Amino acid sequence: MRTAGRSGRVRVRDRLAACDPGLLRLTAGLRTVTALGLTLAVLAALRVPVPQLVAGAMAAMVATFAVRERQRSRQAVTLALGLPVALVSVSLGTLLNRHVVAGDLFFVALIFCAVYGRRFGDRGTALGLIGFQIYFLSLFVHATVSVLPALYGVIGVAFGCSAAARFVLVPQTPAGTLDRLRRAFRARLGQLIGTQLELLDAGPEEVDKVLADLRTGTARLHETALMIQGRLADGTSDEALARLLQRRIAEAEIAAERLGLLLLTARSAERTDTLTLHLPGAALPLGGELPVRDEATAGLRRDLRALRLLVLVPAGEAAGTAPSRVRDRLLGYREEENLPSASPAVQDVFRGLGEAARAALGLRLALEGALDASDDAPPTARSREELDTEDAAIEAGEGGTTEEAGPTGLRRPTTRAAVQVAAGSSLAIVGGELLSSQRWYWAVLTCWIVFLNTASTGEILMKGYRRLLGTVLGVVAGIGLAGLVGHHTWTAFALVLLFVFAMFYTAPLSYTLMSFFVTAMLGLLYTLLNTYSPSVLLLRVEETALGAGCGVIAAALVLPVGTDRRTNELLVGVLDRLADVTRAAVDQLSGGPVADLVERARELDQALADLRAATQPLTHPITPLRARRDTARYVVALLETCAYHGRSLAATAELLPTHPAIAADPRLRGAGARIVRNIEAIAAHVADPRSPASVETGPSIASMLEPGTLGTPRYGRVTDRVLRHLQRLDEAVSGLARPLGLVPDRSAKPWTAERTALPEK
């Protein structure tokens with residue numbers, strides 16, 4: 001019973017880790033609710049009036065969510081600096097509240113400084129946010145000079161309770177967050193392998209759902225890998241260990257993704273290209289049954305389950321020698337041992353299982369340290385030797401990066417955003433005063449918020465629309481809740497705590513949901529302040545619409561950055577990084593010097609994530625420009641395909657110095673050069689449509705796969721994989737040229753290569 005209970009807890013933990021990587025959303029929600037609840041408890045013990053309870057709750061919430069730094073020491077410094085900023089802000093808000101013109105001018109100046117402060121990093125962003133929100137708090141509770149000393153005490157209590165929640169009650173360290181992210185990666189990796197197992201047995205009526213789950217699982221695994229890589233520097237004091245983890249995570253992600261594609265190919269009636277996994281709405285011509293013998297199907301099913309257990313079960317919980325024997329069998333597949341008698345496509349799946357097992361072994365060694373090697377069979381021993389050699393190479397290599405100089409003056413994003421927010425807030429103040437001289441600040445708050453984490457007019461428009469929709473829905477809920485709660489103060493505060501948790505837990509998932517919970521919470525706060533009425537919440541909708549409109553107007557007229565310009569800049573960045581990864585990987589596969597390919601691949605992934613976020617205004621379902629939406633989706637999908645093949649080439653090149661089945665092939669340099677030139681030509685055309693650059697075409701790279709052109713079978717499968725990645729990358733790059741207005745130049749001199757056998761290693 002005890003074992004079953006522990007197993008159940010592990011499953012629940014893994015599910016939470018998979019749906020909320022690193023438990024970041026859960027921790028943020030719990031920390032804020034704890035700080036808010038502790039503040040209310042202390043203030044209630046001091047018997048402060050309800051308006052000051054509301055002020056304390058809001059101050060605790062601001063002090064908690066504003067500080068975003070990862071190191072605890074930096075968090076403490078920022079929180080300590082935030083207290084005097086808050087006291088000065090509430091003082092000025094209280095004193096200037098009666099002087100309309102002076103108060104409005106100062107508010108606009110404060111908004112400008114708060115946004116401009118983002119250029120100074122997380123601390124500047126936090127202090128600006130605290131200053132703005134506490135000034136807003138003084139307006140919300142209608143603070144007067146007589147209650148100012150009491151407000152000082154309330155804010156001090158709120159900051160103290162926020163510190164207690166952050167550092168004592170709900171602590172979060174970079175190392176702890178990284179450890180939870182590692183567990184989340186393993187959980188999501190296990191889920192993805194489970195979905196691949198479902199694909200093996202899926203019937204015709206289940207295929208569409210399983211394919212959707214496969215795409216979702218692959219995207220979530222990639223998301224978690226990016227989160228881990230973004231926190232390695234802070235969560236690991238040893239730089240060599242950070243680089244090691246980065247490579248092991250990338251290897252495991254690519255191996256799992258490749259295994260899924262090999263399964264898709266084996267399930268297909270015809271060989272299916274790798275675009276299927278990435279292109280939206282792509283249909284896979286799957287047959288009703290897997291075209292393999294029964295024993296091969298049973299073997300795949302058995303080995304997928306075994307691989308999933310190897311990924312999920314920690315070394316300390318694995319009993320007996322069965323796990324090591326299973327690992328030995330899987331690793332043997334990558335060395336052509338014990339492959340079943342089946343079609344080449346199915347044998348490729350078994351080889352993919354071997355590669356995934358090797359990646360799982362490397363991941364386990366990186367996460368858990370050295371394991372007992374006394375019972376290792378030859379396949380496991382050889383894999384360990386390869387991994388140890390790679391580890392030594394990683395420790396010996398010291399990579400450095402140089403920061404590029406950014407734009408200056410009004411072209412600097414923080415300066416431009418500060419000017420835009422100041423202009424939009426000025427409009428919002430004027431319009432808000434016309435709507436209500438008492439609650440005009442709602443329009444200013446909305447204008448401020450729509451500029452947070454946005455960089456183009458389209459993004460601001462989308463955020464304003466989502467906030468307005470969430471506000472409308474929240475008003476409906478707020479009206480109903482206010483009637484139910486009545487004058488039950490602590491019931492209302494309990495619901496406020498619940499909504500605060502929901503607000504922070506859903507914020508990364510849906511801005512509309514977050515706005516809904518904020519507005520519903522405000523309805524309860526108005527009830528506590530005895531200022532509630534349906535007309536007040538309806539006025540909030542009007543002020544929200546006004547603030548969003550002012551933000552869009554300011555973004556469109558004051559130093560505008562159009563969505564097209566923003567996406568083009570990001571697209572050029574993605575293409576530049578894709579060319580860099582491809583060039584370096586092919587050069588290494590051709591016998592060139594070793595480079596830090598994993599770091600370059602991570603930069604490509606991050607650039608693609610930024611582009612994907614920036615194209616949301618173009619791809620949203622409500623956009624009226626249907627053709628433009630479809631083109632944007634198609635381009636992003638092709639870029640995701642290119643990024644996958646670029647990552648795969650980089651991962652294969654990383655194995656070159658140690659892998660017994662990979663030999664450098666100088667002929668690859670010619671194929672890679674053409675692809676890189678085409679990528680650079682597309683980037684030049686996007687940056688300047690008048691560019692004379694053109695896309696070259698020539699013989700298919702897959703022609704190198706013709707019978708007789710490969711070396712021995714031992715090396716043929718790996719070279720087959722490299723050439724197929726190059727072929728798919730070449731096809732995807734050529735596909736990008738068409739929607740971006742660059743028609744391939746058929747008259748260009750084609751790339752040619754000698755048809756000689758591959759050199760043996």
Side-chain angles (χ1 to χ4, degrees), residues 14 17-19 21 181-200 202 210-229 245-267 272 274 276-278 300-313 326-327 330-331 333-334 345 348-367 383 387 598 601-602 605 640-641 643-652 654-655 718 721 724-725 728:
D14 287 345
C19 68
L181 282 170
R182 294 170 186 168
R183 290 201 298 267
F185 182 83
R186 289 168 66 157
R188 284 191 164 178
L189 181 56
Q191 286 183 347
L192 180 59
I193 296 172
T195 304
Q196 293 169 352
L197 185 60
E198 293 177 10
L199 176 65
L200 185 66
V210 175
L211 281 178
D213 291 343
L214 192 63
R215 294 188 185 98
T216 301
T218 303
R220 287 178 174 175
L221 184 68
H222 184 56
E223 171 197 7
T224 309
L226 285 178
M227 293 174 70
I228 292 174
Q229 292 169 348
L245 287 173
Q246 187 179 32
R247 281 164 171 78
R248 297 294 176 253
I249 292 291
E251 288 170 2
E253 177 197 356
I254 292 170
E257 191 170 4
R258 181 186 297 129
L259 179 59
L261 292 174
L262 292 172
L263 276 168
L264 286 171
T265 300
R267 278 291 323 249
T272 306
T274 52
T276 305
L277 186 62
H278 302 285
L300 282 177
R301 188 181 297 109
R302 174 201 63 199
D303 288 339
L304 281 169
R305 289 172 179 164
L307 177 62
R308 187 170 181 271
L309 288 176
L310 287 178
V311 167
L312 291 178
V313 179
V326 169
R327 184 177 63 236
L330 296 180
L331 289 173
Y333 294 146
R334 66 191 293 265
D348 275 347
V349 178
F350 281 94
R351 295 185 183 96
L353 281 166
E355 294 290 350
R358 192 260 193 191
L361 175 62
L363 186 63
R364 172 157 294 180
L365 291 172
L367 297 181
S383 294
L387 293 168
V598 174
R602 190 179 79 85
D605 290 335
E640 288 175 345
T641 300
Y644 163 71
H645 293 295
R647 290 198 308 270
S648 298
L649 287 171
T652 306
E654 287 277 329
L655 299 176
V718 177
R721 178 200 307 166
R724 288 192 184 282
H725 283 309
R728 301 312 184 197

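In this chain, numbering begins with 1 at the start of the sequence shown. These figures come from a predicted structure and were not determined experimentally.
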Closer than 4.0 angstrom, basic N to acidic O: yes or no for D605 and R602?
no
List the steps, then state whether salt bridge (Lys or Arg N to Asp or Glu O under 4.0 Å) holds for E251 with R248.
CA-CA 5 Å; E251 288 170 2; R248 297 294 176 253; 3.1 Å; yes
In Å, rounded to the nearest 0.5 Å, how long is the span from CD of E223 to CD1 of I228?
10.5 Å
V349 and A266: which non-hydrogen atoms are nearest, and at how many Å?
CG2-CB, 3.8 Å
Atom CG of L263 and atom CG of L200: how far apart are they, to the nearest 0.5 Å?
6.5 Å
Less than 4.5 Å apart, side chain to side chain, heavy atoms only: is that true for R305 and L197?
yes
Just so I know, are the side chains of L211 and L264 near enough to count as touching, which here means a heavy-atom distance under 4.5 Å?
yes
Would you check if H725 and Y644 make a side-chain contact, meaning some heavy-atom pair closer than 4.5 Å?
yes
Of all heavy-atom pairs between F350 and Y333, which one has the smallest distance, and what is that distance?
O-CB, 3.2 Å
When rounded to the nearest 0.5 angstrom, what distance separates CZ in R215 from OG1 in T195?
12.5 Å
From L261 CG over to R724 CZ, what is the distance, rounded to the nearest 0.5 angstrom?
12.5 Å
With side-chain contact (heavy atoms from CB on, under 4.5 Å) as the test, would you mind laying out the steps for T652 and I254 before giving the verdict?
CA-CA 10 Å; T652 306; I254 292 170; over 6 Å; no
Show your reasoning for whether side-chain contact (heavy atoms from CB on, under 4.5 Å) applies to L181 and F185.
CA-CA 6 Å; L181 282 170; F185 182 83; over 6 Å; no
Where G190 and V311 come nearest, the two heavy atoms and their spacing:
N-CG1, 4.1 Å
Residue of the set L214, L262, V210 for which side-chain contact (heavy atoms from CB on, under 4.5 Å) holds with Q196:
L214
side-chain contact (heavy atoms from CB on, under 4.5 Å) against A356, all qualifying residues, sequence neighbours excluded
A255, L259, L307
Do E640 and H222 have side chains that approach each other closer than 4.5 Å (heavy atoms only, starting at C-beta)?
no
So, do L330 and L310 sit near enough that their side-chain heavy atoms are less than 4.5 Å apart?
yes
Pairwise side-chain contact, R364 with R186, heavy-atom cut-off 4.5 Å (strictly under)
yes
Would you say R358 and L361 make side-chain contact, with heavy atoms under 4.5 Å?
no
So do the side chains of T224 and L189 get within less than 4.5 Å of each other, counting heavy atoms only?
no
Identify the heavy atoms of L221 and E253 that sit nearest to each other, and give their distance.
CD2-CA, 4.0 Å
What are the two closest heavy atoms between A601 and R647, and how far apart are they?
CB-CG, 4.2 Å
